Chemist: 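First the structure, then my questions, so here it is.
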Amino acid sequence: MTDGKTADKPSSGLVPDPSTLLPPDEPIQILDDDGRINAVDGYPIDDLDDEDFRALYRHMVVARRIDKQAINLQRQGQLGVYASLLGQEAAQIGGAYALAPQDWVFPSYREMGTALVRGVNPGQMLHQWRGTWLSGYDPYEFRFGLLSIPIGTQALHGTGFAMAAKFDGSDAVVMAYFGDGATSEGDPHEGMNFAAVFEAPVVFFVQNNQYAISTPLSEQTKAPTIAHKAVGYGMPGLRCDGNDVLASYAVTKRAVERARSGGGPSLIEAVTYRMEAHTTADDPTRYRSAEEMEEWQRRDPIARFETFMKANGLLDDTIKTEIDNEVEKLARIMREEIYEAPHGDPMELFEHVYVDPGSMFDEQREMLRRELDAAAETPQES
């Protein structure tokens, strides 16, 4: 960069002490498997009140049931494919709940729960899965980027946006979501290294759901944990029980506060489990055992939080009815938004790409045009 801005240089020449960057031996857990709260030093939740607990519960339940509606739409032929978040509700919603309104999210393709926390209409998100358009919502309205299908590229986008916020003097923090499989791709490494060197206000949130499609975590890395990778970049590595919504919130809040105060990025590993297939095109029975599924079902994030809610008198029939009504409304909106929605013009692929397209770009556009014209002239079988 040549504009003389100081933010294009590393903010500090200090090398951090590696011992201060290491993740805890075990993932931070605040709500145990029996739904009891256990305070953890350095990860307070005293800023949450009963209404926050109810909101977290509502977001998780709505996310799960809307997720099921999306799968049903795919089974009905209304979506080409869909990536479920089943089992990852606590990680997504706890993390998103720690963000402020001015903060930004750069998601992968599985963050329906995060989108709901940010206020995005779930029906509008499904256009990408149907193939009608990239999305039906305005990213700037919700500060929620478009779903990213290429693995890990959003880590670069989030880092770049965080640097722009730093240039502008904004206090916005960026959260970039990706999965354990993305840590085997180059883009997240480039983003994390750059963010650490330039102290960008970005949090890298890895949902470790144990599988990159069919490849287990043991074949992804030899590092003790994904969070340990943070040490090599010079940023803190944090781990939380991703099936504990309160731990996901508290750990993310710590990382967000650090980024907002100018401390730079952090890497969070939320240890969770994908209860559904990788996408609706996947058959997980080919690589996962029934025993493994049963073990993780006993750690269901919603069941755990519901136990806590009931034990503390925070859940009643009125709240359940409100959730039922919200789900029914959102499901109706989803159906109206997506059912038989017309596909756009394939030639739109070539719009808004380059200011000055090269010759190869023009050739590709004309090739597609010829193929479409030929297909239109071919008689269709009745």
Side-chain angles (χ1 to χ4, degrees), residues 66-86 106-112 115 120-139 144-154 156-157 178-179 181-182 185-187 211-215 274 276-287 330-382:
I66 289 300
D67 186 73
K68 180 62 176 176
Q69 291 288 329
I71 292 175
N72 290 342
L73 283 170
Q74 193 280 329
R75 301 299 189 216
Q76 295 165 13
Q78 295 301 315
L79 304 178
V81 70
Y82 177 73
S84 172
L85 63 85
L86 183 65
F106 283 77
S108 67
Y109 45 75
R110 203 182 297 278
E111 275 70 55
M112 176 70 85
V120 179
N121 175 345
Q124 293 180 333
M125 289 186 67
L126 297 181
H127 283 286
Q128 188 162 5
W129 296 114
R130 181 173 171 80
T132 47
W133 190 231
L134 294 177
S135 78
Y137 64 92
D138 179 359
F144 186 87
L146 300 181
L147 298 183
S148 180
I149 302 301
I151 306 300
T153 56
Q154 69 274 15
L156 292 175
H157 305 157
F178 48 95
E185 298 287 336
D187 289 349
Y211 287 93
I213 308 182
S214 59
T215 304
R274 168 171 53 80
E276 257 289 354
H278 172 70
T279 70
T280 48
D282 173 41
D283 178 8
T285 63
R286 299 177 63 184
Y287 55 86
L330 288 174
R332 183 177 67 253
I333 291 173
M334 288 170 64
R335 290 191 296 270
E336 292 173 351
E337 181 80 26
I338 289 298
Y339 216 83
E340 302 299 344
H343 293 279
D345 181 359
M347 296 307 298
E348 288 181 324
L349 287 170
F350 295 91
E351 296 181 9
H352 314 297
V353 179
Y354 294 111
V355 173
D356 186 16
S359 59
M360 184 176 294
F361 185 85
D362 292 335
E363 291 170 5
Q364 292 172 343
R365 179 171 53 198
E366 290 310 308
M367 183 184 300
L368 178 58
R369 189 187 306 278
R370 289 194 299 271
E371 291 180 358
L372 293 172
D373 290 344
E377 295 172 0
T378 302
Q380 302 295 315
E381 295 182 2
S382 59

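Small disclaimer: the values here were computed from a predicted structure and weren't measured. We use all heavy atoms of the structure for the numbers below, so side chains are in, but hydrogens, waters and symmetry mates are not.
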Chemist: Could you verify whether a donor N or O on one side chain and an acceptor N or O on the other, from S148 and Q154, lie under 3.5 Å apart?
Modeler: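 Yes, because at least one side-chain N or O of S148 sits under 3.5 Å from a partner of the opposite role on Q154.
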Chemist: Using side-chain contact (heavy atoms from CB on, under 4.5 Å), reason through I71 and S84 one step at a time and then give a plain yes or no.
Modeler: CA-CA 7 Å; I71 292 175; S84 172; 4.0 Å; yes
Chemist: Does any non-hydrogen side-chain atom of L372 lie less than 4.5 Å from one of P346?
Modeler: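 In short, these two side chains touch, coming nearer than 4.5 Å.
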Chemist: With rounding to the nearest 0.5 angstrom, report the OG1 to CG distance, T279 to L79.
Modeler: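 T279 atom OG1 to L79 atom CG measures 12.0 Å (nearest 0.5 Å).
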Chemist: Could you go step by step and tell me if H278 and R110 meet the side-chain contact (heavy atoms from CB on, under 4.5 Å) rule?
Modeler: CA-CA 10 Å; H278 172 70; R110 203 182 297 278; 3.1 Å; yes
Chemist: Between D282 and Y287, does any side-chain donor sit less than 3.5 Å from a side-chain acceptor?
Modeler: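 Y287 and D282 do have a side-chain donor-acceptor pair below 3.5 Å.
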Chemist: Show your working on side-chain contact (heavy atoms from CB on, under 4.5 Å) between R274 and L86 and close with a plain yes or no.
Modeler: CA-CA 6 Å; R274 168 171 53 80; L86 183 65; over 6 Å; no
Chemist: Count the heavy atoms belonging to other residues, nucleotides or ligands that lie under 6.0 Å from NE2 of H343, then report whether that count exceeds 12.
Modeler: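 Yes.
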Chemist: Taking C-beta and beyond as the side chain, do M125 and V120 meet within less than 4.5 Å on heavy atoms?
Modeler: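 M125 reaches V120 side chain to side chain.
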Chemist: So which pairs with a foot in residues 124-138 pass side chain to side chain donor-acceptor pair (under 3.5 Å), sequence neighbours left out?
Modeler: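 Residue pairs passing side chain to side chain donor-acceptor pair (under 3.5 Å), neighbours aside: Q78-R130, H127-T132, H127-E337.
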Chemist: Roughly how far apart are I151 CD1 and I213 CD1, rounded to 0.5 Å?
Modeler: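 Spacing of CD1 (I151) from CD1 (I213) equals 7.0 Å.
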Chemist: If I take atom CD1 from residue I338 and atom CD1 from residue I333, how far apart are they, to the nearest 0.5 angstrom?
Modeler: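 Between atom CD1 of I338 and atom CD1 of I333 there are 12.5 Å.
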Chemist: Which heavy atom in G145 sits nearest to a heavy atom in P139, and how many Å separate them?
Modeler: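 Closest approach of G145 to P139, heavy atoms only: CA-CB, 4.3 Å.
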Chemist: Determine whether D187 and T153 satisfy the following criterion, side-chain hydrogen bond (donor to acceptor under 3.5 Å, both in side chains), listing intermediate values before the conclusion.
Modeler: CA-CA 6 Å; D187 289 349; T153 56; 5.1 Å; no
Chemist: Going by salt bridge (Lys or Arg N to Asp or Glu O under 4.0 Å), name the pairs with one or both residues in residues 367-378, residues two or more places apart or in two chains.
Modeler: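 Checked against salt bridge (Lys or Arg N to Asp or Glu O under 4.0 Å) - neighbours excluded - the pairs reaching residues 367-378 are E366-R369.
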Chemist: Answer yes or no: is there a donor N or O on one side and an acceptor on the other, between the side chain of E185 and the main chain of A182, under 3.5 Å?
Modeler: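 Here the side-chain-to-backbone pair does not exist.
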Chemist: Please determine whether a side-chain nitrogen of the Lys or Arg among R365 and D362 lies less than 4.0 Å from a carboxylate oxygen of the Asp or Glu.
Modeler: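 A salt bridge links R365 with D362.
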Chemist: So, taking the atom named CD in E363 and the one named CG in L368, what distance separates them when rounded to the nearest 0.5 Å?
Modeler: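 The CG atom of L368 is 14.0 Å from CD of E363, to the nearest 0.5 Å.
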Chemist: Please name the residue in the list T280, N72, D67 that meets the side chain to side chain donor-acceptor pair (under 3.5 Å) test with Y82.
Modeler: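 Output: one option passes, namely D67.
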Chemist: How far does CZ of F350 sit from CG of D345, to the nearest 0.5 angstrom?
Modeler: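 It is 10.5 Å, given to the nearest 0.5 Å.
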Chemist: To the nearest 0.5 angstrom, please state how far the CE atom of M112 sits from the CD atom of Q69.
Modeler: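 The CD atom of Q69 is 10.5 Å from CE of M112, to the nearest 0.5 Å.
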